[in-house]
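The chains referred to below are lettered A, B, ... by the order of the sequence lines, with proteins before strands, and numbering in each begins at 1. Here the structure is a predicted model, which means the values were calculated and not measured. Computation of the quantities below employed the complete heavy-atom set of this structure, encompassing side-chain atoms and omitting hydrogens, waters and symmetry-equivalent molecules.
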Amino acid sequence: MENKEIAEILYNVADFLEMEDNPFRPKAYRRAAHTIEFLTENISEVREEGNLEKLPGIGKNIALKIEEILDTGSLQYLEELRKEIPVDFDALMSVEGLGPKKIKHLYEELGIKNLEDLENQAKRHKIRRLKGMGEKSEKNILENIEFAKKHGTRKLLGYVLPIAQELKTQLDELDITDDVKIAGSIRRRKETIGDIDILVITSHPQKVMDFFITMDMVVDVINKGPSKSTVRLNEGIECDLRVFKANVFGAALMYFTGSKETNVELRRIAIKNNLKLNEYGLFKGKNRIAGESEEELFHKLGMNYIEPELRENRGEIEAATEKKLPELVGYHDIKGDLQIHTKWSDGSHSLEEMVQSASQIGYEYIALTDHAGSLKIAGSMDEKRIKEQMKEINKINNGMDDITILNGVEVNIGSDGKLDVENDLLKDLDIVVASIHSGFRQNEDKITKRLITAMANENVNIIGHPTSRKIQERQAYDLDLDKIFKVSRETNTFLEVNSQPNRLDLSDVNIKKSLEHGCKLVINTDAHSQDQLKYINLGIATARRGWATKMDIINTLSLKKLEKLFN
DNA sequence: GCCGTTTTCGGCCCGACTGTTTTCAGTCG
């Protein structure tokens with residue numbers, strides 16, 4: 001059983017416990033779930049070593065529950081909680097303004113279990129009669145159900161980021177704003193985003209709020225106060241804006257960037273040192289001892305600065321305290337993109353156009369890796385076309401002096417691990433990316449063997465999108481990642497961090513795990529058009545979230561060093 | 001339910017905003 005599945009069960013327990021009076025029990029379960037979710041070792045191994053209770057937030061009781069889940073695949077305690085209050089908790093929680101207490105109240109008084117029940121009872125005006133509810137609550141529920149149904153899930157970072165940047169631009173243009181920052185999970189570059197958080201420094205808070213809630217992109221105002229407002233945007237996403245004065249900028253940014261878990265941990269550390277941390281600063285008694293910059297706040301808390309991408313309370317606070325944080329790969333460190341498609345297969349721009357865009361970015365080299373092989377996917381090139389494209393690329397290379405084009409292909413890995421292009425041809429290419437595009441349902445053993453067979457082929461340099469997950473669409477296939485990482489090292493085959501917004505594969509957690517195995521990675525866009533080349537920033541962000549340094553990423557190397565690595 | 005370099009019991013992050021209230025609980029991040 002995967003760590004993630006066990007964490008999921010404990011999160012579910014926490015959800016149900018939220019409906020009860022003691023607020024600390026759900027917190028305890030949530031903390032334990034978070035620990036397991038981001039553990040890089042397998043939880044069953046930790047258990048075999050008898051170390052469950054050494055993990056943060058896991059004590060005797062929860063350790064027993066984890067053992068039960070590992071042994072039986074389920075948790076009796078959760079089944080009992082579900083029986084007691086049999087509600088579709090996630091669905092009801094997605095309605096703005098409904099929380100655990102109200103959900104419980106609605107179930108006990110009106111038997112509401114799901115969105116359908118909720119809508120029915122609201123329409124029949126049953127809700128306004130409940131204690132603590134009124135006409136307005138009922139009206140809000142009806143409005144918010146609509147939104148929850150339409151835009152229930154989180155959205156891809158690649159989709160939300162440009163929207164947030166547009167908001168920032170418009171707010172930046174105002175005379176009354178001194179600074180505007182995108183904070184929250186976008187600043188941390190999390191792969192999916194729940195809402196947009198914007199922080200404004202101003203000495204005219206009221207005017208900024210008035211402007212904000214009447215912006216063209218705003219379709220609905222959820223709440224509005226003197227320092228904080230929440231709106232809905234026409235793109236189906238919510239946006240929070242908070243205003244602060246310049247002297248608390250660092251504390252505000254730190255608080256508003258999160259993550260929530262990181263904030264809680266930092267505030268706990270503050271308390272331990274007889275200090276108090278909030279969005280207005282770090283306080284000793286009534287005196288503010290830091291607050292203008294994040295750097296000084298971290299410093300006063302006794303630790304090094306933590307990059308936003310790392311702030312998930314996954315060990316970065318301990319590392320920062322011991323001054324052992326890695327120096328993350330930078331957004332300008334990538335010297336070339338090693339998976340790019342053109343019109344020769346399923347791309348929408350010509351070879352020349354893609355080269356021109358890459359050159360404008362300032363890359364030292366790129367690899368053109370159109371689909372190749374017998375497979376009909378994506379207009380794959382056959383042997384004859386591959387040879388023709390080679391000649392074209394040679395011609396272009398001879399006419400360019402600022403950028404070198406590596407001649408590559410992306411080949412498909414068959415269900416038996418074999419590639420559908422002959423080795424005789426592959427060995428003449430500069431670079432071969434091998435990826436799985438079908439047959440995802442094979443069991444763990446088979447898929448793992450399939451990838452290992454491909455990696456053992458000495459012509460293969462890179463495994464493209466190694467787990468083939470698609471965020472919110474398709475789970476990663478079952479894979480023995482420990483084995484894959486080991487073979488990756490042994491065969492000098494590099495695993496890709498694919499930058500497509502819905503892939504980001506390897507994921508942050510798997511990147512961290514691979515680095516602990518000593519793997520080296522490559523960050524590619526898999527671009528199918530000129531504008532997709534900019535997705536490289538999403539890949540870099542994901543690598544940073546996985547604690548990757550420049551040394552861990554092969555396409556930060558000069559061309560000379562890279563070619564040496566491939567031979 | 002977890003945890004401890006003041007504690008094995010008594011804490012557990014902190015503040016803004018709303019709606020339904022007459023001082024606050026619930027929600028949100």
Side-chain angles (χ1 to χ4, degrees), chain A residues 10 13-14 17-35 52-66 77 92-106 127-141 144 183-188 190 193-199 205 209 213 221-231 238-244 248 251-252 254-283 301 311 313:
Chain A
L10 297 179
V13 171
L17 293 178
E18 298 270 14
M19 294 188 264
E20 291 172 8
D21 286 334
N22 180 353
F24 301 108
R25 290 183 68 221
K27 278 201 176 92
Y29 275 92
R30 227 169 266 292
R31 180 156 182 235
H34 184 266
T35 295
L52 278 180
E53 285 182 53
K54 287 186 184 154
L55 295 173
I58 295 177
K60 208 170 187 175
N61 199 306
I62 294 185
L64 277 172
K65 294 203 165 53
I66 293 169
Y77 181 49
L92 292 171
M93 279 296 284
S94 71
V95 179
E96 172 89 31
L98 281 195
K101 300 285 190 301
K102 284 186 184 166
I103 290 173
K104 187 185 185 198
H105 194 49
L106 288 167
I127 288 173
R128 61 177 67 177
R129 292 181 205 160
L130 297 186
K131 195 179 152 212
M133 308 285 249
E135 219 172 305
K136 191 137 193 188
S137 308
E138 191 174 83
K139 189 170 152 268
N140 283 342
I141 283 174
N144 293 336
S185 51
I186 303 182
R187 182 160 182 247
R188 302 198 313 277
K190 212 175 155 182
I193 305 296
D195 66 356
I196 299 173
D197 297 308
I198 303 220
L199 166 63
M209 282 301 175
I213 63 165
V221 179
I222 296 173
N223 55 48
K224 186 196 171 206
S227 71
K228 176 189 170 185
S229 295
T230 304
V231 300
E238 284 178 11
C239 178
D240 280 354
L241 182 132
R242 280 196 67 164
V243 293
F244 291 94
V248 301
M254 181 189 247
Y255 149 75
F256 218 22
T257 298
S259 66
K260 187 178 173 184
E261 288 78 9
T262 300
N263 284 346
V264 169
E265 188 59 29
L266 291 175
R267 287 171 181 198
R268 196 180 288 162
I269 289 171
I271 293 169
K272 217 164 74 183
N273 293 305
N274 283 319
L275 304 171
K276 186 176 83 168
L277 176 65
N278 60 26
E279 56 263 54
Y280 303 104
L282 183 65
F283 297 86
L301 286 168
R311 298 184 201 169
N313 196 20

[N] versus [M] - spacing of their [atom1] atoms, nearest Å:
N: B:dG26; M: B:dT20; atom1: P; value: 14 Å
N: B:dG15; M: B:dT22; atom1: P; value: 26 Å
N: B:dT6; M: B:dG1; atom1: P; value: 28 Å

Can you check the [X] [atom1] to [N] [atom2] distance for me, whole Å?
X: A:N144; N: B:dG19; atom1: CG; atom2: C1'; answer: 13 Å
X: A:I141; N: B:dT18; atom1: CD1; atom2: P; answer: 17 Å
X: A:R30; N: B:dC2; atom1: CZ; atom2: P; answer: 15 Å
X: A:I66; N: B:dG1; atom1: CD1; atom2: C1'; answer: 12 Å
X: A:I269; N: B:dC14; atom1: CD1; atom2: C1'; answer: 16 Å

Nearest-nucleotide comparison on DNA chain B, the residue closer to the 5′ end among A:I222 and A:A28: A:A28
Look at all strands and tell whether [X] reaches a base, only sugar-phosphate, or nothing, counting heavy atoms closer than 4.0 Å.
X: A:N278; answer: sugar-phosphate
X: A:L266; answer: nothing
X: A:P23; answer: nothing

Under-4.0 Å salt bridge between A:E18 and A:R30: yes
Any A:N61 side-chain nitrogen or oxygen under 4.0 Å from OP1 or OP2 of B:dG1: yes
Pairing residues for A:K101 by the side chain to side chain donor-acceptor pair (under 3.5 Å) criterion, not counting sequence neighbours: none
Side chain to side chain donor-acceptor pair (under 3.5 Å) against A:E138, all qualifying residues, sequence neighbours excluded: A:H125, A:R128
Qualifying salt bridge (charged side-chain N to carboxylate O under 4.0 Å, His left out) pairs with a residue from residues 269-280 of chain A, counting only residues at least two apart or across chains: A:R242-A:E279, A:R267-A:E279
Heavy-atom pair with the smallest gap, counting every atom of A:Y77 and A:L17: OH-CD2, 3.4 Å
Annotated protein contacts, base or backbone, on nucleotides 20-29 of chain B with a non-hydrogen cut-off under 4.0 Å, one of B, S, - each: S-----SSSB
Quick check: does any side chain N or O of [X] sit under 3.5 Å from a backbone N or O of [Y], one acting as donor and the other as acceptor?
X: A:D240; Y: A:T230; value: no
X: A:S185; Y: A:I193; value: no
X: A:N278; Y: A:G281; value: yes

Closest to the A:S227 side chain, choosing from B:dA16, B:dT18, B:dG15: B:dA16
Given B:dC17, B:dG15, B:dG1, the nucleotide with the shortest approach to the side chain of A:K276: B:dG15
For B:dG10, the Watson-Crick or wobble counterpart (both distances under 3.5 Å): B:dC3
Produce the list of close N/O pairs, under 3.5 Å, pairing protein atoms with atoms of nucleotides 3-12 of chain B; give distances to one decimal.
residue	atom	partner	partner atom	Å
B:dC3	OP1	A:G57	N	2.8

Flag if over 12 foreign heavy atoms under 6.0 Å of CG, A:N22: yes
Set of salt bridge (charged side-chain N to carboxylate O under 4.0 Å, His left out) partners for A:K228, sequence neighbours left out: none
